[in-house]
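To start, the structure itself, in structure tokens.
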Amino acid sequence: MNVDRAYELAEEAYSDLGVDVEAAMRRLAAKSICLQCWQGDDVAGFERPGAALTGGIMATGNYPGKARNVAELRSDLETAMNLIAGPHRVNLHATYGEFKKKVDRDEVEPEHFDGWVQWAKEHKLGLDFNATVFSHPKSDNGFTLSSKDPEIRSFWVEHVKHTRTVSAYIGGRLGTPCIHDLWIPDGMKDNTVDRIGYRRLLAESLDEIYAVKHPREHIKDTVESKLFGLGSECYVVGSHDFYLAYALRHDLLVCIDMGHYHPTESIGDKLSAILLHMPEMMLHVSRGVRWDSDHVPVVDDQLRETMLEVVRCDSLDRVHLALDYFDASINRVAAWVVGARATQKALLGALLEPRKMLLEAEEAGDYTGRLALLEEAKVLPLGAVWNKFCEEQGVPSDREWMTVIRKYEKAVQSKRR
Ligand code: RNT
Ligand code: ZN
């Protein structure tokens with residue numbers, strides 16, 4: 001395939017519509033995507049061998065070759081990152097520390113993550129971080145930070161205080177703010193009477209947690225809401241409304257997970273509403289199929305619309321892109337690659353939108369012309385620009401990268417039993 005010839009024609013097609021293709025590629029190249037470490041081992045972590053995943057989330061499938069320890073996970077991440085244009089970030093959960101003895105959640109310290117910091121420095125990566133408020137006996141009855149049992153509640157408050165300290169430490173060492181995300185599974189399977197009571201307790205826990213101040217250059221705090229989980233179908237304490245209101249009042253940021261809303265709700269439409277009131281936000285790029293199933297993202301309408309809104313809001317530097325899914329039914333390294341590259345492709349498509357012409361039509365009241373142009377834009381030669389982008393960034397094309405995965409699977413992953 002002649003990448004340059006196809007690119008030349010594509011460039012012409014886009015510039016006819018007033019789009020600067022080179023500028024679009026430059027902007028895409030500068031945007032980092034944060035890879036979730038937990039895709040590599042089905043959210044197992046290294047805290048306890050064989051720990052069950054709880055909290056109403058689930059990784060289904062039994063594809064062979066999952067990472068069993070920190071060395072394997074890092075090797076898998078490196079393999080994936082070689083196939084994804086950088087700069088890269090990696091998202092850790094508190095359960096992925098290098099613990100030499102049993103360390104409970106309220107004992108997690110920066111030193112447990114020194115190995116990751118070292119590795120991130122070697123590979124020029126940023127790191128983000130997550131409190132792990134699930135897969136633990138003290139989260140088993142469905143409530144953590146909103147528990148009516150003061151002991152349970154203070155245990156988890158302590159945990160999140162610790163994970164924020166770890167985040168600030170990581171951000172300081174790496175010289176790039178570490179985004180600390182908080183998601184909790186609290187909720188009820190069936191109709192709940194004291195909705196406000198649990199939410200009041202959650203607010204009190206958050207007050208305590210975020211009263212501890214860390215430098216902004218070291219840590220950014222996001223809170224992540226949800227609509228329902230397995231076992232919390234009727235009531236989720238940390239709902240979208242709860243966290244949006246709390247975050248705005250307390251100077252925190254929100255994390256919008258694309259799987260955490262009603263399936264017909266537009267995630268893209270939320271961005272302009274939030275970004276007018278909040279300086280930054282995070283997206284958990286995920287694909288919910290019928291429910292919050294955490295499928296690997298693909299270039300579908302939801303992802304395209306969301307990326308279009310990131311660009312249309314001029315907020316590429318204000319919206320942090322982090323992947324969040326866990327598919328155990330396909331090669332786990334390939335799952336990272338497909339999801340990250342789909343996110344980049346959708347973003348490239350958004351950067352190549354003939355926005356000026358569309359806006360002119362809209363402002364002139366020419367909605368017919370706007371609709372026609374939106375349809376035309378869908379079949380512009382995005383693929384030719386994408387191939388050129390991959391070539392320039394030194395990563396394989398869509399046609400080539402699976403060859404690398406197949407080799408890695410044969411030489412490395414298939415040997416893991
Ligand atoms: C759960 C949330 C949360 C988790 C990760 C593992 O529904 O999306 O972000 O997926 O923390
Ligand atoms: Zn999420």
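Just so you know, these numbers come straight off a predicted model, no measurement behind them. Counting convention: from 1, in listed order, for ligands and their atoms alike.
- No option in Val385, Asp398, Leu303 other than Asp398 meets the side chain to side chain contact (heavy atoms under 4.5 Å, CB included) test with Lys345.
- Once rounded to the nearest 0.5 Å, the distance linking CZ of Arg68 with CZ of Phe46 reads 11.5 Å.
- The protein heavy atom nearest to atom 3 (C) of ligand 1 is Asp324 OD2, 3.5 Å.
- Below 4.0 Å from some heavy atom of His284 lie the following atoms of ligand 1, by number and element: 9 (O).
- For a threshold of 3.5 Å applied to N or O pairs, the pair formed by Asn130 and ligand 1 contains no separation below that value.
- Of the possible donor and acceptor atoms, none in the side chain of His240 sits under 3.5 Å from a partner among the backbone N and O of Ser225.
- Under a 4.0 Å criterion applied to the non-hydrogen atoms of Asp292, ligand 1 contributes the atoms 7 (O).
- Side-chain atoms of Glu78 and Trp119 include a donor-acceptor pair closer than 3.5 Å.
- More than 12 heavy atoms of other residues, nucleotides or ligands shown are found within 6.0 angstrom of CZ on Arg48.
- For ligand 1, the polar-atom distance check against Asp181 finds no nitrogen or oxygen pair separated by under 3.5 Å.
- Remark: ligand 1 atoms within the under-4.0 Å shell around heavy atoms of Phe326 are 10 (O).
- Counting atoms of ligand 1 from 1 in the listed order, those under 4.0 Å from a heavy atom of Lys226 are 1 (C), 7 (O).
- Of all heavy-atom pairs spanning Tyr235 and Asp194, the tightest one is OH-O, 4.3 Å.
- With a heavy-atom cut-off of 4.0 Å, Asp294 does not touch ligand 1 at all.
- Among protein heavy atoms, atom 11 (O) of ligand 1 sits closest to His93 NE2, 2.7 Å.
- Contact annotation: Tyr325 has no heavy atom less than 4.0 Å from any atom of ligand 1.
- Salt bridge status for Arg164 with Asp221: present, with a side-chain N to carboxylate O gap under 4.0 Å.
- Taking a cut-off of under 4.0 Å to the non-hydrogen atoms of Ile57, the atoms of ligand 1 that pass are 1 (C), 7 (O).
- Looking only at distances, no side-chain donor or acceptor of Asn130 sits under 3.5 Å from a matching main-chain atom of His93.
- Here the angle at the Zn ion (ligand 2) defined by OD2 in Asp324 and OE2 in Glu224 stands at 170°, rounded to 10 degrees.
- Remark: minimum distance from atom 2 (C) of ligand 1 to any protein heavy atom is reached at Glu224 OE2, 3.3 Å.
- Between Tyr169 and the options Leu174, Ile219, Asp114, a side chain to side chain contact (heavy atoms under 4.5 Å, CB included) holds for only Asp114.
- Contacts of His260 with ligand 1, taken as heavy-atom pairs under 4.0 Å, involve the side chain alone.
- Between Trp38 and ligand 1, not a single N/O pair is under 3.5 Å apart.
- Atoms of ligand 1 lying under 4.0 Å from at least one heavy atom of Asp257, given by number and element, are 8 (O).
- Residues Trp38 and Tyr96 keep their aromatic ring centres 6.0 Å or farther apart.
- Rounded to 10°, the angle that ND1 of His284 and OD2 of Asp257 form at the Zn ion (ligand 2) is 110°.
- At a cut-off of 3.5 Å, with distance as the only test, no side-chain donor of Ser397 or Asn387 sits close to an acceptor on the other residue.
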